[in-house]
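Sequence lines set the chain letters: A, B, ... in the order given, protein chains first and strands last, and positions in each chain run from 1.
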2 protein chains.
Amino acid sequence: MTRTVLIVDDESSIRDMIAIALEMADFQVLEADNAQRALALAVDERPDMILLDWMMPGISGVELARRLKREETTREIPVILLTAKGEEDNKVQGLEAGADDYITKPFSPRELIARMRAVLRRAAPASQGVIEVDGLSINTESQRISIDNQPIDMGPTEYRLLAFFMSHQERAYSRAQLLDQVWGASVYVEERTVDVHIRRLRKALGERHDYLIQTVRGTGYRFSRQRSRA
Amino acid sequence: MTRTVLIVDDESSIRDMIAIALEMADFQVLEADNAQRALALAVDERPDMILLDWMMPGISGVELARRLKREETTREIPVILLTAKGEEDNKVQGLEAGADDYITKPFSPRELIARMRAVLRRAAPASQGVIEVDGLSINTESQRISIDNQPIDMGPTEYRLLAFFMSHQERAYSRAQLLDQVWGASVYVEERTVDVHIRRLRKALGERHDYLIQTVRGTGYRFSRQRSRA
DNA sequence: CAGTGACGTGACAGTCTCGTGACATGCCCC
DNA sequence: GGGGCATGTCACGAGACTGTCACGTCACTG
């Protein structure tokens, strides 16, 4: 699954450099040049991880980290702090603020990505293992979907689509976003293709559960246990 | 059976790298960045194996190895020393200190895992006993497979493949993972070779049991007693 | 209430994956 | 040296998936 990363740094050159590296590693990238915008994006887009510059005019990285950890909706998102080289104090402060790791500039893309993966893995238990909604459960280890413990079959794409939805419930996604997240950022297919796979997924879920995949007219789709309308 | 490994190194980047590799190989990973913590974790968590950096500030790896071998509770835990490139003395000292093997940096993940397996195999008297699923049973002591107490034949590779699957049920593995786990990390063969052995294994199991070896399209294979789809 | 745009759906051809039989090689034991 | 066994590759074919299209249906607008 493609992960979304929010990069927060006031220098655009650094943001761009990181963004390029991450995109090559098949991450989806969001950028913010200040804490305000970062906070908004974090709440709005729910990235899988945030890279945060330590030193920024206005609200500093640490302060932002602290706020992120206070917000209900962003608390679970892992944060990596980017700091100028080696003041030990930084580490302490940063980790106290709730950052999950920190890395000192200059760093190589490889190192950054290695750290990110490590952090994501640690954070994974949230999305790993089993998610269950109304008898429908997905087990990411066995890569299997079951309804009332009865395994059901679907194609790989439908599986990934459902996996994405179940770990991002209650939020509407556009076709373009779904293509990025489920198909991968570097694939080009028609947006309507999403519709077809949605259709296949609904069919696989059966009448009792297809209500979970909801159409958001004019926008895209959403996974939600709340039936809309009576 | 998942094994727990304690990684002791003062550089977090190296720990992370190793941790990633080991987790992909389905090890459970513990980390310590100094000897003190390592000792505590070793006593506390009783890992199945310890990877120890030779050079560390404070108490060195060798010294730690020595202490581990003195402690009653940690004596049996195999230790592999990680050393910088090739001073012969290290080897001697290390082995004298009680290390079970040593490996020089830089090393590939595959190499490391191969060594670890070798050490674990030596250390662990083929225990484990018997696993049984739907009349199919494997006895790791006698290295025998039987169906309803009728011994059945298969090649050594099929045996190892089945043994691996039966101790890691309900989880999907890629061909690459299976090659690492069953063939060994330092062997290079085509991924499709796995398919052929899966085929042979299924054949050996016969129609009544070949459903246990399931294809996960686009990914690899899985051992599960749950049949898909009704 | 007709018009317009968005979405649902069935069909289809191309592509990719996996199952399978055949085969060459290497090894061990007679 | 000659079987016999185990293994790794290959090539081929069946079947599973996928992306598009075309057309029908439905929701909203004015």
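- Note: Phe164(A) and Tyr173(A) meet the aromatic proximity criterion, with ring centroids under 6.0 Å apart.
- Residue Lys203(B) contributes atom NZ, which lies 8 Å from atom P of dT20(C) at whole-angstrom precision.
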(message) I'd like to compare against my own output: the B/S/- annotation of nucleotides 5-11 of chain D with a strict under-4.0 Å heavy-atom distance to protein.
(response) -SBBBB-
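- Side-chain polar atoms of Gln143(A) and Thr219(B) form a donor-acceptor pair below 3.5 angstrom.
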Got a list of protein N/O to nucleotides 1-5 of chain C N/O distances below 3.5 Å?
from: dG5(C); atom 1: N2; to: Arg217(A); atom 2: NH2; distance (Å): 2.8

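- Every pair passing ring-ring contact (aromatic ring centres under 6.0 Å, His included) that includes a residue from residues 191-213 of chain A is listed here, sequence neighbours excluded: Trp183(A)-His197(A).
- Asp210(B) places its CG atom 11 Å from the P atom of dG19(C), with the value rounded to the nearest Å.
- Straight-line distance from the CG atom of Asp195(A) to the P atom of dT25(D): 18 Å, rounded to whole Å.
- Using a 4.0 Å cut-off between a side-chain N of Lys or Arg and a carboxylate O of Asp or Glu, Asp53(A) and Arg15(A) do not qualify as a salt bridge.
- For the pair Asp210(B) and Lys203(B), the salt-bridge criterion is not met [side-chain N within less than 4.0 Å of a carboxylate O].
- In this structure, Tyr221(B) reaches the sugar-phosphate backbone alone: every heavy-atom distance under 4.0 Å involves primed, P, OP1 or OP2 atoms, never a base.
- Here dG19(C) presents its C1' atom at 16 Å from CD of Gln214(B), a figure rounded to the nearest Å.
- The separation between Asp153(A) atom CG and dA16(D) atom P is 11 Å, rounded to whole Å.
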(request) List the steps, then state whether side chain to side chain contact (heavy atoms under 4.5 Å, CB included) holds for Ile198(A) with Phe165(A). (result) CA-CA 11 Å; Ile198(A) 289 282; Phe165(A) 271 134; 3.8 Å; yes
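- Atom CG of Leu201(B) is separated from atom CE of Met154(B) by 5.5 Å, given to the nearest 0.5 angstrom.
- The pair Arg208(B)-Asp148(B) counts as a salt bridge, with a side-chain nitrogen and a carboxylate oxygen less than 4.0 angstrom apart.
- Atom P of nucleotide dG8(C) and atom CG of Leu201(A) are separated by 12 Å, given to the nearest angstrom.
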